[in-house]
Each structure stands twice: as C-alpha cells, then as structure tokens.
Amino acid sequence: MKNTYPFKKIENKWQKKWEQEPLFKERSVSEKRKKYYLLEMFPYPSGRIHMGHVRNYSIGDVVARHKVMNRFNLLHPMGWDAFGLPAENAALKEKVHPAIWTDKNISYMRGQLKKMGFAYDWSREVSTASPDYYRWNQWIFLKLYERGLAYQKMAAVNWCPQCTTVLANEQVEGGNCWRCGTAVESKEIKQWFFKITSYAEALLNDLSGLNGWPEKVKIMQANWIGRSAGVEICFKIAGEDETIPVFTTRQDTIFGATYLVLSAGHSLSAKLVKGTKIEKKALEFINQVRREKLNKTAQTEVEKRGIFTGRYAINPVNQEKIPIWIANYIVMEYGTGAVMAVPAHDQRDFEFALKYKLPIRLVIQNGNNSLALEAMPEAYEGEGNLVNSEKFSGMDSSAAKNKIALWMEEKKIGKRKINYRLKDWGISRQRYWGTPIPIIYCEKCGTMPAAEKDLPVALPKKIEFAYKKGVSPLVADEKFYFTPCPKCGQKARREIDTMDTFVDSSWYFLRFTDSKAQKSLFSPGEANYWMPVDQYIGGVEHAIMHLLYARFMHKFLSDIGMVETREPFSNLLTQGMVIKDGAKMSKSKGNVVDPDDIIDKYGADTARLFILFAAPPEQDLEWSDQGIKGAFRFLNRVWRLVNFPCRREVPEDIAKNLEGVLKRKLHQTIKKVTDDIERFHFNTAISAIMELVNLIFSFSFERPKQGSVLPESPIMAESLRTVVLLLFPFVPHIAAEMWEILGEKETVSRQFWPEFKSELAREEKVTLIVQVNGKVRDKLEIKAGLSEEEIKAKALTQERVRKWLANQEIVRTVIVRGKLVNLVVKPGQQPNNDQEIKDTITKKQ
RNA sequence: GCGGACGUAGCCGAAUUGGCAUAGGCGCUAGAUUUAGGAUCUAGUCCCGAUGAGGGGUGGGAGUUCAAGUCUCCCCGUCCGCACCA
C-alpha cells in the first residue's frame, strides 16, 4: 500500500525510548498508590510467539497502560515456563543442548514481545529453568515432604515395550505408541506424588469466594474435584474373615443389593478365583478388560460384561448371601474399586442384571407408588420412599440415608465417608529437562531428603540422552547419580526423575513479587503487598490443571506462613482462541499466521488493534486478512488527524456545532471507553473511538488531496489530545508519536487518563420515542426535564401519533424517563388533549 | 449420558438494568478524485413494498409483559468440559 503512515520508523523509535525509560520503574512496597498486580500466563519458549500470545498479551497490555494512566502502582511481569519436553526432543533431533535451545528461543521471543510494544517490568523476568528459580521448587518439595504431603508410591504409567520408555498420556494414540505403533502396556513404577487431595475440601469450598472468576471455570474445577458424600460399607466374603469395602452414596438402597461387583483391577479379583475351575477364564477376562482400559480411544460406552467368581459376600444389613462378580464397568480408581449392585435403582447395574439374569429387587417407591418391577424399562434412580427395607421401610430416601448411615456406624458395619474424583498429583517425570527431585536413597538410612543447604540440586550440564531407554538420562551422570547420604555420609544414589513442569508454574506468580530473592523463594513482605493477583489472563485450556495446581500450591505456601492470602487470583479472564478458516491455527492445518509477518507488513499497532477489535476477549476470534487491513486503514486515518495543517479561521456554521456536538460526544466517548476497558469490552471501546474520529472528520471543511483540513479551535485541540490518550492503551506507538506531533512535551505514558465530566456529556435535548401499543410511531425531541403531563400532551399532538389514536381509547400510558412514551389503546372513543392521564406507569432509567 | 456456553445482516460483531434491533468494522453498490491503485473522499447497504404509507424480522414454537435479542417452558443446531465416579 502506498501513502501509509511510517509505522516502522515510529515503532522503532518508541521501542528504543521505552527501553531507556520503561513505563514502570521498579516499584516498591512503600509506594502510597493503590497496588495492582496484573499477570498474563507466561509462555513456554517454543521458538516464536503465536497469535494466541499476541491476543493474550495485547489484552493485558491495554489493562496495564490504562492502570498506569490511572496512577496505580502496577506490577506487570513476564517470564518463561522454560522446562519441558520439546526442548529435550529438540536436543535429540537437532543435537543441541536443551539449555541452549531454550535460551535461544527465550531471547528471540523476548525480542518479539518487545516488538509488539508490550510494557513489562523486565527487571523481574524469571526463567523456571534457572537454578535460582528451580532450587525453590526443590525447597517447596522438601517442605511438602516434611509435612507428609510429598510421598512415593507405585503407580501405573504408560509403557512402550519396544522403545522401553514411559509415555505421557498425550503420546499414546489409540492405545499404541506414537513413535513405533507398538501396543502400550500399563506398568507399575514408583513415583512421587503431591497430596493435593488433602486440600480437596478447601479447593472446592473456596471456589465460592472467587467472584471474579468465570462461572464456567469454577464449575469445571468443582466437577474435577468431584466431591461425593456417602458411606463405606464392609461386606464379608462368605466363609472367610476378609471383607470387601464398597463405597456408595445411596445407602438407602442397600436392601436392594443383589450382587457385588469388583473391578478387574481389584486385588481380590484374581485372588478370589485362585485355584477354582474358572480361574483361567477369569484371568483371561481380567487381562482383556485391562487392555481395553488402556486403549482409551473408545469414548463411547462399551458393552457391560462380567464373570461370576463363584464366591459370595454377606450383605451386612440382612446377612443375605449375594454373588460376587468381576465386571468391566467398575472403575478401579474411584472409591474402593468394588461396588454393591442395586439393579432396581442404578441403570448400569440394571443392564448388567438383565444380561446375566441376576435378581432385581425394588426398594425405593416413587411418589405415587406406581413402580412395578415387571413394568420397569429402566432403573428408577430418583429418590422416594423405602420399601422391602425392614425397619427402614416407609422412610423417604433422604431421612433413610441419614438413619442408615448412623445405624451402620453404630453397628460398626460401615462409616460415613467423603470421596473425591480428584487424585493426588503425580509429579515424577523420567526426563532430563526439569527440576531434579531432591531425594537421596541410602541403603542404610533409606529415603533421605536433600539438606536445604545443599540446594539447588543442580541439573548437570553435560548429558547423554540415549544412555538407557525408559529411565531418566540423569542416571548416566555418575557424579550426579552417586552422592553421599546426607545422614551417614555413605555412598548413596540420587533420585533421577525430575518434576512435572506444572510444579514450576504453580507458584511463579509469587516469585514475580520478589524475583531477585536469594535467601528465600520470595519475601513474605513483598508477596503480601502484591498478592493476590488482581487480574490473571490466559487461555481456558488451563481451567483445570494449572489453575488447580496453583491454587493448591498457594494454599500450601500460605499454610507454612509464606503468604497471607488464601487464593492467588482474585479475577480471572479466560480468553478465546485465535482461529482461522474455522479451526485453531496449527502447523498441520497450514492455517498459521505468523505475528512477525503482520508486524512487518502493517506494524505492531495494527496487529494489536485488529485482535482487540475483532471480538470480545472471551470469544474465539476468527482471523481475517481483510480485518487487519481495516485496522490499518483506521490507524492511517487517525494519523491524518494530526498531519495536515489546520486553518485558523473556522466557518461560523461549523464553529457553532463544534462547541456543542463535539464536546458532548467527546465526553460520552471518554465515559464509554473507560467503562468498556474496565469490563474488558475492548471491541466496543475501539468502536466508540472510531465514532469520535468519524465525527471529528465530519467537521473538516476543505478537502485537498490526501486529507482534510480541520478547524482550529480549543475544543478541536482538546478532542485530538483526548483521542490520542484514549488510543494509547491499544496502540501505544502511534499514540506516542501523535502526542509529540501535537506539541506535547511530556511523554504520553505519563499523562492522566482523560477525565469524564457528566455535565459536559449531557444532551440538551432528549429524543423520546412514541409508541402506540408498543410499536414505534414517532420520535419526539424535547428538552430534558419536562413533566410527564407535558410529555404526554406533546406526544398526543404529533400528527403521526394522532393517526393511530383515531377511534381509540387510551387505557394506559407508560413513560420511561429519557427513553419512551407508550400509549396503550383499545377501540373506543377518540381521545382529546384534556383527557386525564389514567393509570400512568412511570419508570426511572 | 451429565455439566456448561452459544445461535442477531453476506461476514466479524453491538444492544451493560426488559425500552428505537443491527452501533463500529469488513465486504458490496454508485459517484468524486487520482500518478488508474490493495489509496482517499461522498452517498447507499436487514427483507417485502414503489424512492411513499405500511408490514415483517434476532435458530423454530409457545408463554409472561404496556413492551422480549434479553425473562420462562418446549424443540432444533453448534461448540466446550467430563464421561460406566457407584
């Protein structure tokens, strides 16, 4: 395009200036201004920023600049979630060390963020891969370990026997290894866990206090935690001392339990059939179910199948002998992995019982006693009144639940229990590029935590990746692997697994409050000043994992006295994806737009403006090349506002409107833009500025080529200055340059946000619409402040209204101040102007 | 299956509390200007009707209300999360 504004020159110039003189200087706790901690989710240094980053950080930057102009003491940091698998994969593929690969990416991406003009306090930059940072991961681990919240247990992992390696869930495709296609097996290995479940209750309860979070995210977290209250009941195995505990939330249906089911993974499943005739068949079934479980591609429900063990359990409430089955529909990971089956009142049990001809017994009757076993096409899962339940018959479900639970506790056959869907957080990764777990195994002393003074347990720089498949590469480094026991000094082995990178990101927001701290992970004073994060912005894909881990970690750090707040993020904005041609941008789809190309062709301001204007932040945003051009066109148009000469003399007719019309619009725009930024409606804020710019151009009175001549007057000058100030948060470079062109000495970022004056925004005349029976018939220009009588009288004199009143009687008049008059009529006599106002409803706006 | 969000013009979207549906942008049409262009300016742009009066219109259907894009119920469709959770 020709004749475009010199965005490259301008953006370069101001980025250099801002490098010398950042928007935020180092802020301190002692500052008197109100604090505001603004945070966008920090990126993984994958190599280049993508449009999702551009969107995320453009949103944040608007808020940042707006807050600075409103004189907040702002914390707006940026850093790098720098550990992770891609670096290690790149190391294998490109023969480059993960640290070098990561550092190179960080410095390129940092440059890209600067090219976008994002205003961060770079003095607080952190990289989670730096020993200064990850040593505190290790410190946190030790504190968790001290309190029994970090522990080791055997856990199933995905294992590829061909590659002899552990696979992440994401690397299992249809039950097969993503690399070699071999069927993945489940393998039990010892792993470290964080006991997030002991915070389940707090994580759930405190959701209700998060008023600044999207309802959707809170619901997702609540579902993920999955609390359910019930009873754990012990069923004796007939002829043995051993019992099988089952968990149920429907203890009111226990008299209807007609069989007991174990999951295939249950330890008793194999044990119960041992030495019996069906042992071989049963074991075959168990293995088959395990394989199916692993192969999780089948998102649809598989057919229920099971096998009778030949053994029986005793229902503790009535001593009834019920058969024990093994079935594929029981989840091992939830509850106890065993379930009492009540086919009449659970659809899954119902289907299973029908298939295997197991007895079904009705024990809950619905409200109108209309349930009959023979006529039931499906289980009745609702509540009702108990029947066939001995002394509990006749009670309603909720009363019976209580009574039965108490009675069981008294008789010691069961106890009330809360179960969670949430499981402990497995943090062991058999990888190099992560935080080493600070644990030492000594043959004599056992599992020993590293001493605090020995932190960081540094990741060795030299590493052989392909030493031994399936084990962390750290095993190859003898200097690392073998270390003296911190207790007895004997030769001992280090833990060679590293931590899940979600550990790194679960507390980085706290590190930012004091990122240079050497003696502790951060000083409580700084953290308590800045926390909580006032506004957190990021993708909704982190609704569960990251946000749950961060809340957990924050609560733990709060419990050990590091920070006072109980929740880390008081407001959360989840921004939508950037999509193109209806799909998320991805290399495989070939629909990626590279931010660098857009910056090069149109400039950072255009990229920012488009992405903020095209859709509100929470919604997905469809990339549009035309839309980018539109944004660019607008900036060129704005540029012309200050780059053509103004005339001294203003024609009289124009001057008259300038004072009234322009001034009012100016103040209305200030109000709208301010409100819209505060509620994150950037698209409408920008459209309001566009309207103001359009109005300013409508006052131009000579049109030489390439532009317009604007009248010179105080209100015009004020309008131009205000447009620039309002634009600054969105498009800072062009705004800074225009501010200078307008002859202002002090830089635009030091300016106050324009002040809205309601008396200047008020319209002299109000346009009321006049409705008859709810249909718009006319518009009425009236002076503000007329009485209802006057308004109605005026409405009745309008020719266009009278037409609709012929042969009608006015039965009601509704007046909404400043908005409308609605005359409700029905056929009758013709009204006259003296007719009394009857049944008038007045509403204030 | 359960939970949630959403459906407005040719396209992106606006309508904050129930009060003129479609602001702003894109695209399109016509004209002006021009170094003939992916520039700029002016006018127009939901549908029917004749450029009028008027009528219709926010996925479909019903309801509440003086008044419904907005509230209630039913249906259709799209997207997201979880998924045999006892």
Side-chain angles (χ1 to χ4, degrees), chain A residues 1-4 214-217 219-220 222-224 226 228 230 246-250 253 261 263 299-302 304 327-331 333-336 338-342 345-349 351-352 381 419-421 540-541 543-544 576-577 610 613-616 618-634 636-637 640 672 675-676 679 681 683-691 693-694 697 700 703-708 767-776 778-779 800 803 811-814 816 818-825 839 841 843 845:
Chain A
M1 271 187 244
K2 278 186 191 172
N3 298 318
T4 60
E215 215 49 44
K216 176 193 163 98
V217 174
I219 289 168
M220 278 167 74
N223 290 343
W224 188 262
S228 55
V246 304
F247 175 75
T248 182
T249 55
R250 292 300 301 272
T253 65
V261 222
S263 87
Q299 286 286 308
T300 46
E301 228 168 271
V302 282
K304 289 174 182 51
N328 64 343
Y329 74 97
I330 306 301
V331 181
E333 293 75 29
Y334 186 75
T336 63
V339 161
M340 68 172 202
V342 184
H345 304 292
D346 182 288
Q347 185 57 24
R348 295 156 300 182
D349 298 341
E351 287 165 24
F352 192 81
E381 296 189 328
N419 247 316
Y420 298 96
R421 190 186 163 284
V540 73
E541 64 273 19
I544 294 175
M577 287 186 301
F610 165 71
F613 178 62
E618 293 94 336
Q619 282 180 39
D620 284 351
L621 180 150
E622 172 79 27
W623 183 266
S624 153
D625 294 327
Q626 294 297 340
I628 271 282
K629 283 180 195 167
F632 188 57
R633 196 179 302 160
F634 174 70
N636 277 295
R637 194 165 145 80
R640 261 176 259 128
K672 171 110 181 106
D675 290 352
D676 281 353
R679 60 185 187 129
H681 285 213
N683 54 334
T684 49
I686 292 166
S687 73
I689 300 173
M690 286 174 169
E691 282 184 52
V693 169
N694 290 346
F697 270 115
S700 61
R703 305 184 202 288
K705 47 175 173 177
Q706 297 303 328
S708 316
T767 306
L768 287 187
I769 55 160
V770 184
Q771 296 180 331
V772 178
N773 281 353
K775 285 199 185 297
V776 181
D778 202 3
K779 287 173 191 182
R800 290 164 62 115
K803 204 168 113 186
V811 293
R812 185 192 270 181
T813 307
V814 181
V816 184
K819 291 264 179 184
L820 60 80
V821 183
N822 188 13
L823 304 166
V824 185
V825 301
D839 194 17
I841 302 168
K843 286 190 190 172
Q845 273 299 299

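Letters A, B, ... are given to chains in the order of the sequence lines, protein chains preceding strands, and every chain is numbered from 1.
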Exercise for review: May I ask you to verify if any side-chain N or O of Gln771(A) is less than 4.0 angstrom from the OP1 or OP2 atom of C66(B)?
Suggested key: no
Exercise for review: Answer yes or no: does a side-chain N or O of Tyr334(A) lie under 4.0 Å from OP1 or OP2 of A86(B)?
Suggested key: yes
Check your understanding: When rounded to the nearest Å, what value does the distance between P atoms of G63(B) and C11(B) take?
Key -> 30 Å
Check your understanding: How far, in whole Å, is G3(B) from C73(B) if one measures between their P atoms?
Key -> 14 Å
**Study point:** Side chain to side chain, Asn822(A) and Thr813(A), heavy atoms closer than 4.5 Å
**Key:** no
Practice item. Starting at atom CG of Leu621(A), determine the distance to atom C1' of C79(B), rounded to an integer number of angstrom. Key: 16 Å
Check your understanding: With a non-hydrogen cut-off below 4.0 angstrom, is Asn328(A) in contact with a base, only sugar-phosphate, or nothing?
Key -> base
**Study point:** Rounded interatomic separation in angstrom, taking CD from Glu351(A) and P from G1(B)
**Key:** 13 Å
**Study point:** Interatomic distance at P, G81(B) relative to C71(B), whole Å
**Key:** 25 Å
**Study point:** G4(B) and G19(B), which share atom name C1', separated by this distance in whole Å
**Key:** 30 Å
Just the table, please: protein N/O against nucleotides 61-65 of chain B N/O, every pair under 3.5 Å.
none

Review point. Taking side chain as C-beta onward, heavy atoms only, is Tyr329(A) less than 4.5 Å from Val339(A)?
Key: no
Check your understanding: Side chains of Arg637(A) and Asn694(A): do they bring a donor and an acceptor to under 3.5 Å?
Key -> yes
Practice item. Taking atom C1' in both G59(B) and A5(B), compute the distance separating them and give it to the nearest angstrom. Key: 16 Å
**Study point:** Gap in Å between the two C1' atoms, one belonging to U58(B) and one to G49(B), rounded
**Key:** 22 Å
Review point. Rounded to whole angstrom units, what separation is found between the CG atom of Leu820(A) and the C1' atom of A21(B)?
Key: 14 Å
Point to revise | Interatomic distance where CD belongs to Gln347(A) and P belongs to A83(B) [whole Å] | key: 21 Å
Revision key, fill the gap. When rounded to whole Å, the CD to C1' distance for the pair Gln619(A) and C11(B) reads 14 Å
Exercise for review: Nearest whole angstrom, please: distance from the P of A5(B) to the CG of Asn223(A).
Suggested key: 12 Å
Point to revise | Whole-Å distance separating the CH2 atom of Trp224(A) from the C1' atom of G81(B) | key: 10 Å
Exercise for review: Sugar-phosphate atoms are those with a prime plus P, OP1 and OP2; base atoms are the rest. Using that split, label each nucleotide of nucleotides 22-29 of chain B B, S or - for protein heavy atoms under 4.0 Å, 5' to 3'.
Suggested key: -BBSSS--
Revision key, fill the gap. Whichever of Ile544(A) and Ile330(A) has the more 5' nearest nucleotide on RNA chain B, that residue is Ile544(A)
Using a cut-off of under 3.5 Å, enumerate the N/O to N/O pairs linking the protein to nucleotides 46-52 of chain B.
none

**Study point:** Between P of G54(B) and NZ of Lys775(A), the distance in whole Å
**Key:** 12 Å
